Colleague: 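Attaching a single structure in structure tokens format; questions to follow.
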Amino acid sequence: MEIDLENIPFDLDFHPSTNLVATGLITGHLLVYRYAADSTPQRILEVSAHTESCRTLRFVNEGRAIVTGSPDCSILATDVETGAEVARLENSHGAAVNRIVNLAESTIASGDDEGCIKVWDTRQRSCCNTFNVHEDCITDMTFASDSIRLIGTSGDGTLSVCNLRSNKVQCRSEFSEDELLSVVIMKNGRKVICGTQSGTLLLYSWGFFKDCSDRFVDLCPNPVDALLKLDEDRVITGSENGIISLVGILPNRIIQPIAEHSDLPVERLAFSHDRKFLGSISHDQTLKLWDLDDLLQESTNTIPNRSAESDSDSDGMDVDDSIPKSSKSKGTKRKNGTKGHNLSNANNFFADL
């Protein structure tokens, strides 16, 4: 299925329990569509959410609301059924809001263009943590629920690990020659995979974040803007050349290209709530819904492993207690500290959610 959005989309997210998909546009509009396997998706909601582009969005509170972020520095909560504004925080960040991710049922994190990450507790109705950890835009984040760590990537070429339990930045990687654009956790929490501007995938071993343990170069020279974990051994990549690929991790190999958006950048990837569909958005101004079973069935005939720098999957583990138990650059202003700070402002932002 293909939806013509008529403008460039920047993010998408699926409702956690029903067949709804939302996307944010360069115009600042929020769109929500209802989809089904054998019918044309129907637009059920269109909201002029922001005065500038709608860069990022997530369904929250069991799908009753959608939270969006924008270069206008605001975060907006919109009611999914009515499209009404539930709450708006005009100055949520001191710079453009570039990324929002879900952490738990009532917790989200947001990242901005100056490298600041904030954690919001919807039950407490306020911002509860701030980490001034990076020097350039936050490009992506992912959450390790077992260890309560938030992993962030930045255009400054570094990866950060924020401990949400102690409210401190646990560590930050050494500078890479590449901008880090996307991140996922794989191999039962033992590997962190980052997509980069050059197209190289950087593999970090958990507990050894100062430098990567492995590089996979077969996707070069196309930037990997989007990563989506399929399972512990396979990741789906979205590249600037419009190709969506299935990639194996340790052993590192391109299993097969599985979809495409002509030759324009793939901005974001996501799974539907039942994992029947893979959603993708691109600068070709389309949102595509791919039948995941069909894509994976077509990938059963894998291509031979091409040359890549690869290590074994037996990296030594750190004794740090952070190990999980289960097996666009916008400027380089340096922040004054790396410790998190409890905040009591942003009062009542989530009061009506």
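Numbers here simply count residues along the sequence, with the first being 1. The shown structure was predicted, so the numbers you read here are calculated from the model rather than taken from an experiment.
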Colleague: Distance from Asp294 atom CG to Leu292 atom CG, nearest 0.5 Å?
Modeller: 9.0 Å

Colleague: By the rule that ILVMFWY residues connect when side-chain heavy atoms come within less than 4.5 angstrom, directly or transitively, which residues belong alongside Ile243?
Modeller: none

Colleague: Is there a salt bridge (charged side-chain N to carboxylate O under 4.0 Å, His left out) between Arg268 and Asp13? Walk through the geometry before answering.
Modeller: CA-CA 9 Å; Arg268 200 72 66 195; Asp13 194 31; over 6 Å; no

Colleague: Go through Val67 and Ile75 one step at a time and tell me if the side chain to side chain contact (heavy atoms under 4.5 Å, CB included) criterion holds.
Modeller: CA-CA 7 Å; Val67 172; Ile75 292 179; 3.4 Å; yes

Colleague: Is it the case that the side chain of Arg275 and the backbone of Leu230 share a donor-acceptor pair, with hydrogens and angles ignored and the cut-off at 3.5 Å?
Modeller: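 At least one qualifying donor-acceptor pair exists.
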
Colleague: Check step by step if side chain to side chain contact (heavy atoms under 4.5 Å, CB included) holds for Asn98 and Asp112.
Modeller: CA-CA 5 Å; Asn98 195 55; Asp112 69 28; 6.0 Å; no

Colleague: Return yes if a side-chain donor-acceptor contact under 3.5 Å exists between Trp120 and Ser110, otherwise no.
Modeller: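 There is such a pair between these side chains.
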
Colleague: Determine, stepwise, if the pair Lys229 / Thr142 fulfils side-chain hydrogen bond (donor to acceptor under 3.5 Å, both in side chains).
Modeller: CA-CA 11 Å; Lys229 174 182 171 180; Thr142 191; over 6 Å; no

Colleague: Salt bridge check, Arg99 against Asp140: does any charged N sit closer than 4.0 Å to a carboxylate O?
Modeller: yes

Colleague: According to the ring pair (Phe, Tyr, Trp, His ring centres under 6.0 Å) rule, which pairs have a member within residues 76-96, sequence neighbours left out?
Modeller: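 Non-adjacent pairs meeting ring pair (Phe, Tyr, Trp, His ring centres under 6.0 Å): zero.
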
Colleague: Among Ile, Leu, Val, Met, Phe, Trp and Tyr joined by side-chain contacts under 4.5 Å, find the other residues sharing a cluster with Val80 and list them by chain and number.
Modeller: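 Members other than Val80 - counting any ILVMFWY side chain reachable under 4.5 Å - are Leu20, Leu30, Val32, Ile44, Leu45, Val47, Leu57, Phe59, Ile66.
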
Colleague: So, using ring-ring contact (aromatic ring centres under 6.0 Å, His included) as the criterion, who are the partners of Phe277 when residues are at least two apart?
Modeller: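 Applying ring-ring contact (aromatic ring centres under 6.0 Å, His included) to Phe277 gives Tyr35.
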
Colleague: Can you hop from Leu287 to Trp290 via hydrophobic side chains spaced under 4.5 Å?
Modeller: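 No, Leu287 and Trp290 fall in different hydrophobic clusters.
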
Colleague: What I'd like to find out is whether the side chain of Val235 reaches to under 4.5 Å of the side chain of Ile249, using heavy atoms alone.
Modeller: yes

Colleague: Side chain of Asp156, backbone of Glu135: donor and acceptor closer than 3.5 Å?
Modeller: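 Here the side-chain-to-backbone pair exists.
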
Colleague: If you look at every heavy atom in Ser176 and Leu202, which pair is closest and at what distance?
Modeller: OG-CD1, 4.0 Å

Colleague: Quick one: side chains of residues 1-8, donor-acceptor pairs under 3.5 Å with protein atoms, not counting sequence neighbours, listed by atom name and distance.
Modeller:
unit_1 : atom_1 : unit_2 : atom_2 : d
Asp4   : OD1    : Glu6   : N      : 3.1

Colleague: Thinking salt bridges, do Lys187 and Asp233 make one under a 4.0 Å N-O criterion?
Modeller: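 Counted as a salt bridge, because a side-chain N and a carboxylate O are separated by less than 4.0 Å.
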
Colleague: Compare every heavy atom of Ala144 with every heavy atom of Ile185, then report the nearest pair and how far apart it is.
Modeller: CD1-CB, 3.8 Å

Colleague: Using every non-hydrogen atom in the two residues, find where Phe209 and Ser173 come nearest and quote the distance to one decimal.
Modeller: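 Closest pair (atom of Phe209, atom of Ser173, distance): O-CB, 3.0 Å.
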
Colleague: What distance do Ser262 atom OG and Asp284 atom CG have between them, rounded to the nearest 0.5 Å?
Modeller: 4.5 Å

Colleague: Looking only at heavy atoms, which two atoms of Ala270 and Phe14 are closest? And how far apart?
Modeller: O-CE1, 3.5 Å

Colleague: Testing the basics here: between Asp136 and Ser154, what is the closest heavy-atom pair and its distance to 0.1 Å?
Modeller: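 Of all heavy-atom pairs spanning Asp136 and Ser154, the closest is O-OG, 3.2 Å.
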
Colleague: Looking only at heavy atoms, which two atoms of Leu219 and Gly199 are closest? And how far apart?
Modeller: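 Taking Leu219 first and Gly199 second, the nearest heavy atoms are CB-O, 3.4 Å.
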
Colleague: Ignoring hydrogens and angles, tell me if any N or O in the side chain of Thr196 forms a donor-acceptor pair with the backbone of Asp178 under 3.5 Å.
Modeller: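 Here the side-chain-to-backbone pair does not exist.
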
Colleague: Not counting sequence neighbours, list each pair that qualifies as a ring pair (Phe, Tyr, Trp, His ring centres under 6.0 Å) and has a residue in residues 220-264.
Modeller: none

Colleague: Checking Thr158 against Arg172: is there a side-chain donor and acceptor pair closer than 3.5 Å?
Modeller: yes

Colleague: Quick one: do Ile193 and Val183 satisfy side chain to side chain contact (heavy atoms under 4.5 Å, CB included)? Show the steps, please.
Modeller: CA-CA 6 Å; Ile193 318 301; Val183 62; over 6 Å; no

Colleague: For Glu177, does the CD atom have more than 12 heavy-atom neighbours from other residues, nucleotides or ligands under 6.0 Å away?
Modeller: no

Colleague: Using atom types as modelled and distance alone, determine if a side-chain donor or acceptor of Ser239 lies under 3.5 Å from a backbone N or O of Asn241.
Modeller: no

Colleague: Does the Asn61 side chain pair with the main chain of Ala65, one donor and one acceptor, at a distance under 3.5 Å?
Modeller: no

Colleague: Could you walk me through whether Cys54 and Ser70 pass side chain to side chain contact (heavy atoms under 4.5 Å, CB included), step by step?
Modeller: CA-CA 5 Å; Cys54 182; Ser70 170; 5.8 Å; no

Colleague: Do Asn167 and Asn129 get their side chains close enough for a donor-acceptor pair, meaning under 3.5 Å?
Modeller: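 Yes.
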
Colleague: Tell me whether Glu232 contacts the main-chain N or O of Asn188 through its side chain, where contact means a donor paired with an acceptor under 3.5 Å.
Modeller: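 Here the side-chain-to-backbone pair exists.
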
Colleague: Is a salt bridge present between Arg55 and Asp113, judged by a nitrogen-to-oxygen distance below 4.0 Å?
Modeller: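 Looking at Asp113 together with Arg55, the answer is yes, because their closest N to O distance falls below 4.0 Å.
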
Colleague: Taking the basic N atoms (NZ, or NE/NH1/NH2) and the acidic carboxylate oxygens, is any pair closer than 4.0 Å for Asp214 and Lys191?
Modeller: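 Result for this pair is no, no salt bridge flagged.
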
